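One structure is given here, and the rest of the page talks about it.
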Amino acid sequence: MTDKGVVYDLGYVPYEGERRARRGAIATTYRDGIYRVFGIRRRARKKILPWSLIVLAILPATVFVGFAFLLSTFSPEADSPFGGHGEYFSITGGVVLLFVALAGPELLIPDRREGVLAIYSSRPLTPDDYIGSRAASLLTVVAGFMLIPQVLMYIGFAALSSSGFFSALLDNADEIPKILAATVVYALAMAPLALLISTVASRKAAATGIYLGVLFVGTGLAAALVEATSVPGSRYAALLSIGDHPDFVRDWIFGLTGSSEAVMSGAGFDPWVSLAVIAGVAVASSIFVVWRYRRLM
Amino acid sequence: MSEAPILTARDLGLAYGSIVALHGVEFDLPPGRIGLVGANGAGKTTLIKILLGILKPTVGSATVLGFDATSDMLDVRSRIGYMPESDCLPLDITAANFVVYAAGLAGLPANAARQRASDVLTLVGLEEERFRPIEGFSTGMKQRTKLAQAIVHDPELVFLDEPTAGLDPEGREEMLELISRLGGFGINVLVSSHVLGDIERTCDWVLMLDGGRVLRSEPLSHLVDADVVAVEVIGDADRVAQHLVAAGAAVDVTGPRLLVSTTVDDPFRLVRDALAETGSGMRSMGPKATTLEDVFLEGSES
Amino acid sequence: MTTNPALVESPTVELDDASKWFGQKVAVSNVTCSFGPGVTGLLGPNGAGKTTMLRMLTGLIRPSQGSVRVLGVWPRISPSVYTDVGLVPEEAAVYPSLTAREYVRYAATLSGVADVDAATTRAIDTVALVEPADRKLAGYSKGMRQRAKVAAALVSDPQILLLDEPLNGTDPVQRLHLINLFQRLGAEGRTVIVSSHILDEVDRMSDRVIAIVDGRLAAAGDVAAIREAMTDIPYRVRIESDSTRVLAARLLEEALVHGVSVDDGILHVETGDLAALGLRVPVVAREVDARITSFQPEDASLESVFRYLVRR
């Protein structure tokens, strides 16, 4: 450099800034998981299904809240076309099921098939960190799907309440722990199984198919087998009705009478058995998935 | 760069079932550019996986940049980069987005990740292509993207596994050029390659594996034997040889190629004079250099 | 007697003004060259048209213009192409659940040889895969798989052997075996055409090379002769000695020297005539008593030749 001119070296500049190591790696993987299932930063057509599903889940609640604020002559619960908080889980439950069937495979399978795990293996991330982040992404999204409409409903009911908006918000507060509990139950019933199947299957379409198959066939099979009262122990077939368990527990939480043709109650089981099955499957799936990924990475 | 070795191994071994992938591996590799060579199945990939913490050795230990490869795996991985040989790029994302992601995975905050990714993609020569999905990339573009993600976080040491595989000569040339520059950026390099010419060109040290054991670990300059001169003659090689023998040298003749050694005088001067006096010329001349290939083949035959 | 280095005296494979286009893309453009017994290297950047050319030789595709003859006939219409031409394609696809012997046998059956078993055994012998022949291909290393593919191509005892990147992924030991094999096959009188990016190996095993750039024939013949034909690009020679500058000044007085440069103690000399320089340097060095420890042409190798061809 002289007084008259200077040339800057635009060559390689070493990085001296912040390095968040493991923390950063986990956070990045978690965030990427959420982007991935919504098709963010990916091609447009990958966004269609997930966003349509979320709209489907939220739309009824949104409509309800809209009407509630416009026409406060409706009285809560009884006149709401979707019933109360508990019943709404049936609507979101179905939509979330489809979403998880697509999202679970999307989170795990491409990384394996395309060999990207090799890159993760060079980053400060243990296999447990990786799979934990992916699971966290899935659970976050599932919780979001279920909770957002519930929040909207909560607001809607408060708006319709005869005792005034703000006091209704407080009065209905006893619904909140039930909503949260039911969300956890549904999330645990659906997500771990999806991750398990996505760990074993090698194609996304196959994983989605198997997941939905297991759920529908399992429940159907359970319903049929339970009827075969001549076979000893046939009532235990009810434990196979995977799709049913979360509904059964939800009924119990919200004190609803068997709104679905609950196979479990028909077979004479108590709701805590369903809870135990859900917890058991979740734990077993998690153990398997963690074990498998420790060997892959 | 300090002189402490960047990679060490002590009695390192890995066996699964009856297969012994590595056995009794010992080395101290200095900073710089190291070439890792060996036949298929010699243990190169196993060694790299142990150093990355993907595999655990059954016996012994290894360190990377001073950290134990097995117990301090996260410390190691915070400081290294890896360019795998196999396919490892997600196809449905653009190169730009992917390299930013890779930077984030290495712990860089968002803005730094974006900046570094952009700079590194320019460095490896991906311009507008970086905004296209990786799915449509040629082998050359994929290799560049792989290299970009390996250095985006400015690691201290980068492992390159067959970096020129599938590249055409021009692509190979550019890749080797980039690898040679990494040293100047303060990045140590370990290149694993079948193409010995690549190693000879870019590395200063060679670690040779054979059947899971270390065959050689030494500077490449050791392969040069300054006491013997190799010359390819333009003209009558036999006549030149006679002239040299008369001057007291020992000469090995193969067609136009001579290998000349002498204890009585300087072999280079002898060769020069013999050529001048016989009116012959030199197509090429230099100290006898054992190529990596010679070492390799002689090693695998034993 | 032909004086065109792109043509050989007793050709087995001939391309005459052959072109191939796919829609708007011209993959091969007006190529006239021929191949004969021995090993010929086929070079070119990716996408230059080499693979298209090879496919025209096997009859898989037809030239859009011009002609291609293999052993005197059009490969596209002559069924003899299946037995006379062996192709070892680049793709890695082999049937992983078959053993090498089964795979080669299958190829033998497909090409309709008379005695399938004898042909299979002979082919496996030739590539030295006898011991592992009954193991499944899935367990093979890359080098062994390459040899299996070569065996499959050799099973019909073809006159012409086309090899597309046969050394991919092989380690130095396997590479040497394969190179020796190709040289042996060429010495037997077969026409072996090897397309490869690993230039210094192509240099080693080929008797001559054909270079394709952007679909056109860029160069043909012996590597040293091709380099010599690039008269507009002077040779660069690297000289290490103990009196670099004295030597540099003295060499600059020679008419054949175009220029000298000194970089970090190393002398680089530019000349239009490499052999003449090689003859002058010992004399000049003796005159000034310079001890030369290294004299190496920097751009006479196939790699350099190729680089120049691509940049034109």
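No experiment lies behind these values; they were computed from the predicted model shown. Just so we're on the same page: letters track the sequence lines, and every chain starts at 1.
In this structure, CZ on B:R269 lies 5.5 Å from CG on C:D242, to the nearest 0.5 angstrom. From C:I198, atom CD1 reaches atom CG of B:D168 across 12.0 Å, with rounding to the nearest 0.5 Å. One distance of note links CG of B:L275 with CG of C:L279; it measures 9.0 Å at 0.5 Å rounding.
Remark: C:H177 NE2 is loosely packed, at most 12 non-hydrogen atoms of other residues, nucleotides or ligands lying under 6.0 Å away. No more than 12 heavy atoms of other residues, nucleotides or ligands shown are found within 6.0 angstrom of CZ on B:R257. The 12-atom threshold is not exceeded at NE2 of B:H23, counting heavy atoms of other residues, nucleotides or ligands nearer than 6.0 Å. For NZ of C:K136, the number of neighbouring non-hydrogen atoms (other residues, nucleotides, ligands) closer than 6.0 Å is 12 at most. Few gaps surround CZ on C:R175; more than 12 heavy atoms of other groups in view lie less than 6.0 Å from it. In this structure, C:D214 places its CG atom where only 12 or fewer heavy-atom neighbours from other residues, nucleotides or ligands lie under 6.0 Å away.
At a 4.5 Å heavy-atom cutoff, C:D200 makes no contact with chain B through either its backbone or its side chain. Neither the backbone nor the side chain of C:R280 comes within contact range of chain B; no heavy atom of the residue lies under 4.5 Å from a heavy atom of that chain. If you measure heavy-atom distances from B:L292 to chain C, you find no contacts under 4.5 Å at all. Neither the backbone nor the side chain of B:A165 comes within contact range of chain C; no heavy atoms are under 4.5 Å apart. In this structure, chain C has a heavy atom under 4.5 Å from the side chain of B:E173, while its backbone stays farther away. With a 4.5 Å cut-off on non-hydrogen atoms, C:L176 touches chain B through its side chain but not through its backbone. Proximity to chain B is limited to the side chain of C:Q174, based on heavy atoms less than 4.5 angstrom apart. Neither the backbone nor the side chain of C:S196 comes within contact range of chain B; no heavy atoms are under 4.5 Å apart.
Most heavy-atom pairs under 4.5 Å with chain C: of the set B:T164, B:D266, B:V271, this distinction falls to B:D266. Counting heavy-atom pairs under 4.5 Å between each of C:V283, C:T170, C:V237 and chain B puts C:T170 at the top.
Of residues 289-311 of chain C, those residues lying under 4.5 Å from chain B by any heavy-atom pair are C:D289, C:A290, C:R291, C:I292, C:T293, C:S294, C:F295, C:Q296, C:P297, C:E303, C:F306, C:R307, C:V310. For residues 193-207 of chain B, a heavy-atom distance under 4.5 Å to chain C picks out B:H194, B:V195, B:L196, given by residue number.
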